[in-house]
Amino acid sequence: MANLHIYIETKSIGQYTSKRMPKKACLLSFGCRLNQSEIVTLGEQLEELGIQVSRQLAPDIDLLIINTCAVTNQAISKCTQTLRSLVLKFPRAHVIVTGCYSILGKKILSKMNGIDLIVSNSNKNSIAALALEIIFKPKTKLPVVLEDPNPEPVGYFSQKIPRASYNKRYNLKIQNGCNFFCSYCIIPFTRGSPQSRDFENILEDAKAHAAIGLKEIIITGVNIGTYENHGRKLLDVINALDTIDGIVRIRISSIEFKTIDDKILEKMADKNHKLAAYLHIPIQSAANPILSAMKRRYSFEEFYSYTEKISKFIPGIGLGTDIMVGFPGESEKNFLESVEFLKTSPIQYAHVFTFSPRPGTPAAISQSFVSEQEKLGRSKFLRQISREKKSEFYNSNIGQIVDVLFEDRQNGKFPGYTENYIKVLTDCPENITNQIRRVKVVKNEQTHVIGELIF
Ligand code: SF4
């Protein structure tokens with residue numbers, strides 16, 4: 001998972017609950033799409049309580065909320081470095097740390113000066129109210145840890161103030177947690193066992209965001225294929241979203257391919273359904289002994305034939321994967337199997353991770369770690385192949401006419417994404433933000449393509 005920050009745009013619209021001056025908060029999020037979706041919800045909850053949520057890390061910030069990620073050691077150091085520098089830079093701001101590293105790293109975080117509250121993922125929904133409580137009090141010397149072992153149900157959102165300004169695509173959380181227990185993964189420990197959000201609550205949330213103009217919904221969670229609420233499954237969520245006015249595109253975020261119902265593929269292939277022809281299905285390794293040591297639930301052959309099946313069934317589908325390099329015991333031969341897979345499969349790009357031991361997971365106690373230098377070399381090699389595959393895919397789209405949902409203009413051009421997740425940059429004198437427009441793909445610029453509007 002790539003690290004990224006989200007700054008939520010300033011727009012105070014809440015009714016302030018006291019006569020004191022409005023307080024300002026800035027929210028930073030690292031890690032996955034699920035974390036992004038939760039920080040957006042938190043921003044909305046803060047605004048409901050009258051706390052302004054600012055895009056800028058301005059000197060008058062009263063509250064900083066850092067939503068951390070613990071997926072790799074690199075992710076953790078990025079979070080802690082940012083935290084340390086922000087605490088120094090904004091000494092008067094109250095600081096709340098949450099996300100996957102909050103409880104995992106609580107021993108380290110608890111000793112850090114400047115943090116007021118450490119809140120577990122399962123207590124994220126209490127943060128807005130807690131923030132309102134602490135924000136008028138003096139800063140604490142050492143952090144208070146809030147860790148409720150009983151996770152809250154997922155259908156808890158109270159988004160009375162949905163906001164369109166931060167993005168043109170809405171990450172809709174439908175699920176949390178996982179009990180697959182892949183041997184390297186910390187998520188079952190940081191986010192608990194699977195919890196599916198209330199079906200009606202999901203639809204309310206989607207309708208509220210569609211009503212303010214959001215056109216694309218990205219279905220988000222840890223293991224979304226396991227969604228189940230009173231007999232309703234992921235397919236039911238997708239079909240219900242398809243009926244909502246204003247939503248023009250539904251996208252599934254990362255999903256375990258074994259959990260995909262074939263009927264979902266039929267919806268993807270159906271041009272009259274809003275479900276985008278796009279799948280991000282993690283393989284992690286193409287070597288069977290490694291897949292088995294990872295406790296993944298499929299063989300390489302099963303995965304490969306699935307990618308062949310869907311690329312035939314849904315021509316033009318966007319297909320991405322995750323590959324982890326340097327899992328304990330990964331030999332040169334095992335690694336080359338992943339290389340060969342990426343080169344020859346219908347997959348168009350891979351998000352390449354390097355293994356880092358997560359304390360408490362079975363893979364962390366292995367005796368056969370791959371050296372850091374080797375891991376770096378393997379990642380670099382595989383990332384280059386991924387770039388080449390993506391470029392091939394872009395080339396194959398040159399001359400095609402595609403529909404693009406455009407976002408805010410940046411550096412004079414409008415960026416946007418196609419249904420199959422090609423990034424397109426386009427020149428246009430008029431504002432086409434948040435519009436679906438038809439373009440002709442004319443040039444591959446490696447990280448994106450150039451499209452010309454068809455008027
Ligand atoms: S499926 Fe495996 S890798 Fe994915 S969250 Fe669950 S345990 Fe982690």
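First listed ligand is number 1; within each ligand, the first listed atom is number 1.
Within the 4.0 Å heavy-atom criterion, the part of F181 lying near ligand 1 is the backbone and not the side chain.
Proximity to V222 (heavy-atom distance under 4.0 Å) selects the following atoms of ligand 1: 5 (S). Of all atoms in ligand 1, listed by their number and element, those nearer than 4.0 Å to a heavy atom of C178 are 1 (S), 5 (S), 6 (Fe), 7 (S). Atoms of ligand 1 found under 4.0 Å from any heavy atom of F180 (numbered from 1 in listed order, with element): 1 (S), 6 (Fe). Close approach of ligand 1 to C185 (heavy-atom distance below 4.0 Å) involves ligand atoms 3 (S), 5 (S), 7 (S), 8 (Fe).
Side chain to side chain, Y170 and D205 meet the donor-acceptor criterion of an N or O pair below 3.5 Å.
The closest protein non-hydrogen atom to atom 3 (S) of ligand 1 is Y184 OH, 3.4 Å. Among protein heavy atoms, atom 4 (Fe) of ligand 1 sits closest to E256 OE2, 3.9 Å.
Taking the centre of each ring, F303 and F257 come in below the 6.0 Å mark.
Contact annotation: R296 has at least one heavy atom less than 4.0 Å from an atom of ligand 1.
With a 6.0 Å cutoff to the six-membered ring centre and a 45° limit on the axis angle, K258 does not count as a cation-pi contact of Y298. Geometrically, R251 does not engage Y421 in a cation-pi contact defined by less than 6.0 Å to the ring centre and at most 45° from the axis. A cation-pi arrangement is found for R297 relative to F180, the charged atom lying closer than 6.0 Å to the ring centre and inside a 45° cone about the ring normal.
Under the salt bridge (Lys or Arg N to Asp or Glu O under 4.0 Å) test applied with E38, the options R197, K124, R33 reduce to a single match, K124.
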TODO: Report the C-alpha distance between H351 and F353 in whole Å, list the side-chain angles of each, state the deciding distance to 0.1 Å, and finish with yes or no for ring-ring contact (aromatic ring centres under 6.0 Å, His included).
DONE: CA-CA 7 Å; H351 187 191; F353 291 87; 4.8 Å; yes

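When distances to atom 2 (Fe) of ligand 1 are checked against a cut-off of 2.8 Å, C182 contributes an N, O or S atom below that limit.
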